[in-house]
Student: 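Okay, handing you the structure first.
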Amino acid sequence: MNLGKITLTKSAPTISLAKVRDKPSGTMRINLNWSRGAAKGGLFRKQTGVDLDLGCLYELADGSRSVVQALGNSFGSLNGSPWILLDGDDRSGTVSGGENLLIDLSHLAEFRRILVFAFIYEGTPNWSAADGVVTLFPPGGTEVEVRLDSADNTAMTCAIAMLEVRDGELSITREVRYINGGQRKLDEAYGWGMTWARGSK
């Protein structure tokens, strides 16, 4: 048992992290790691690989909404709005650091909600083999883990966690909701109300 980590589960899906009045500072890192998936005999084959992409939908306190993701090169920024940055694109699942979203918590009061998601950009949907896990690293706080379990291997997208600022407090709620479709379907499921166009990377 890892006493330095909190795992959000179906029975205990939510945790509060920080309050605006506490003037939080530093950058919270949200990491996605997964395995490529192994073929019979334990050999890794290129054709079995899955390219999982980490991203988020965000809504700021002023009502502006958009997405941070590798698709369409929408990597975001820490030097200005939305104060969220995707640090790279792991195409194989073999990069030890995985993919990371960085969130500047000094702008916590300017956030309303952030929906962290992963989607399969390339490869046959196989969330079970990917064995994905998302870990949130609050600065100076306890790690929070969300495992992509209860897999639906017909789905292309998984809504992982919702970060919300309510009454001046940041909370994280486990979602792990599989969506049959891409970002447009994810948007519809959570009522983001954006206009989507086909993108590439």
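On a predicted model such as this, the values are computed, not experimentally measured, just so you know.
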Student: Answer whether the closest heavy-atom distance between the side chains of Asn126 and Ser128 falls below 4.5 Å.
Tutor: yes
Student: For a quick test of your reading: what N or O donor-acceptor pairs under 3.5 Å do the side chains of residues 144-151 make, sequence neighbours left out?
Tutor:
residue : atom : partner : partner atom : Å
Glu145  : OE1  : Thr7    : OG1          : 3.1
Glu145  : OE2  : Lys5    : NZ           : 3.3
Asp149  : OD1  : Arg174  : NH2          : 2.8
Ser150  : OG   : Lys10   : NZ           : 3.4

Student: Could you measure the distance from the OG atom of Ser77 to the CG atom of Asp104? Nearest 0.5 Å is fine.
Tutor: 9.5 Å
Student: Could you state the interatomic distance from CD1 (Ile160) to OG1 (Thr157), rounded to the nearest 0.5 Å?
Tutor: 10.0 Å
Student: Is the Trp83 ring parallel, tilted or perpendicular to the His107 ring (thresholds 30°, 60°)?
Tutor: parallel
Student: Look up atom CG in Asn100 and atom CG in Leu86, then write down how far apart they are to the nearest 0.5 Å.
Tutor: 8.0 Å
Student: Would you mind reporting whether Thr135 and Val133 have side-chain heavy atoms less than 4.5 Å apart?
Tutor: yes
Student: Can you tell me how far SG of Cys158 sits from CD1 of Ile120, rounded to the nearest 0.5 angstrom?
Tutor: 9.5 Å
Student: Give, for atom CZ of Arg184 and atom CD1 of Ile179, the distance between the pair rounded to the nearest 0.5 Å.
Tutor: 14.5 Å
Student: How far apart are the C-alpha atoms of Leu163 and Leu136, what are their side-chain angles, what is the distance that settles it, and do they pass the side chain to side chain contact (heavy atoms under 4.5 Å, CB included) test?
Tutor: CA-CA 11 Å; Leu163 284 64; Leu136 299 93; 4.3 Å; yes
Student: Is there a path of hydrophobic side-chain contacts, each under 4.5 Å between heavy atoms, that joins Phe137 and Phe111?
Tutor: no
Student: Would you kindly check if the NZ (Lys) or CZ (Arg) of Arg112 is within the cone defined by 45 degrees around the ring axis of Tyr58 and under 6.0 Å from the six-membered ring centre?
Tutor: no
Student: Going through the distances and angles, do Ser16 and Ser171 end up as a side-chain hydrogen bond (donor to acceptor under 3.5 Å, both in side chains)?
Tutor: CA-CA 4 Å; Ser16 294; Ser171 67; 5.5 Å; no
Student: Are Leu170 and Ile15 grouped together when hydrophobic residues (ILVMFWY) are joined by side-chain heavy atoms under 4.5 angstrom apart?
Tutor: yes
Student: Quick one: does Phe117's side chain get under 4.5 Å of Leu32's, heavy atoms only?
Tutor: no
Student: Mind checking the CG-CH2 spacing from Asn153 to Trp127? Nearest 0.5 Å is all I need.
Tutor: 9.5 Å
Student: Report yes if some heavy atom in the side chain of Leu102 is under 4.5 Å from a heavy atom in the side chain of Leu78; otherwise report no.
Tutor: yes
Student: For Trp192, check ring pair (Phe, Tyr, Trp, His ring centres under 6.0 Å) against everything at least two apart and list the hits.
Tutor: none
